[in-house]
Amino acid sequence: MKTQFNYIDENYKRIVFNLNEAKEKYNRSGENIDIMAVTKTIAPEVVNYAISSCGIKILGENRVQEYLSKKELYSPASVHFIGQLQTNKVKYIVDSVDMIQSVDSKKLALEINKHAERAKKIQNILVEVNIAGEEAKGGVSPDELTELLYELSELSNIKVCGLMTVPPVFESEKFLYDMQKIYIDISEKKIDNINMSLLSMGMSGDYETAVRYGSNMIRIGSALFGARVYK
Ligand SMILES: *Cc1c(COP(=O)(O)O)cnc(C)c1O
């Protein structure tokens, strides 16, 4: 069917093609790598088109207000929160998101744990790592990561499922490499209650490289939906 959103099918086909090529190139052909659709600024009917036509199963949300205004309008999909999260906003999202990928402090984790307990759920989370130490970005520094993980391992209503990062655009490859090393190091520590099954990295500009360095969830916005007016 020809619709005004057919460009999304074309974009999605190209992403899957590139992803499969990268998997082959880096000897990961048999592995599952999830494609998250990052929905910031994108209207719900466009997101729903990607869900129904491309089979997108995971949405990535950056902003609490925007998410709350759109969530009732979305077709069924798993929602992961991926933006900087203030502690006072946690209560608005815990009941409806499947994963919070941007946890970077004990304070935030405690708040999530508290609201998850009230909601009678175990909240899946990823710990965000600020791999290049950039001021403007969220994420725990690599130096403080292990200690934070030990602290989070004691909280009974959150479950750490892996790590997430947003490397700098211009030196992405070096930092994707560093991130893979950290992910492997942490996995080998086998911390109680800490599950290292997800490495969420790779965006429109670097997802093929992220596949090289072990990502198993790529987060795609503009390559799927087109350029955004603002970030
Ligand atoms: C916006 C965003 C993305 C997607 O960025 P694109 O370059 O448009 O693919 C991925 N992850 C996070 C955390 C984002 O904020």
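None of these values were measured; they are calculated from a predicted model. Order of listing sets the numbers, starting from 1, for every ligand and every atom in it. Along the sequence shown, residues carry numbers from 1.
- Side-chain atoms of Lys137 come within 3.5 Å of backbone atoms of Val166 as a donor-acceptor pair (strictly under, hydrogens ignored).
- Of all atoms in ligand 1, listed by their number and element, those nearer than 4.0 Å to a heavy atom of Gly221 are 4 (C), 6 (P), 8 (O), 9 (O).
- Proximity of Asn62 to ligand 1, defined as any heavy-atom pair under 4.0 Å, is confined to the side chain (atoms from C-beta onward).
- Judged by distance alone, the side chain of Ser102 and the main-chain N or O of Gly83 form a donor-acceptor pair under 3.5 Å.
- Taking all heavy atoms of Gln84, Lys40, Met36 into account, the minimum distance to atom 14 (C) of ligand 1 is reached by Lys40.
- Checked by atom type, the side-chain pair Asn48/Tyr74 shows no donor-acceptor distance below 3.5 Å.
- Residue Ser222 has at least one heavy-atom neighbour below 4.0 Å for each of these atoms of ligand 1: 6 (P), 7 (O), 8 (O), 9 (O).
- Here is the list of ligand 1 atoms found below 4.0 Å of a heavy atom in Ile220: 9 (O).
- Which parts of ligand 1 touch Ser204 is read off a 4.0 Å heavy-atom cut-off, strictly below it: atoms 6 (P), 7 (O), 8 (O), 9 (O).
- Contact check on Lys174 versus Asp178 returns a salt bridge, with a Lys/Arg side-chain nitrogen under 4.0 Å from an Asp/Glu carboxylate oxygen.
- Ion pair Arg28/Glu31 flagged as a salt bridge, since at least one NZ, NE, NH1 or NH2 atom sits closer than 4.0 Å to an Asp/Glu carboxylate oxygen.
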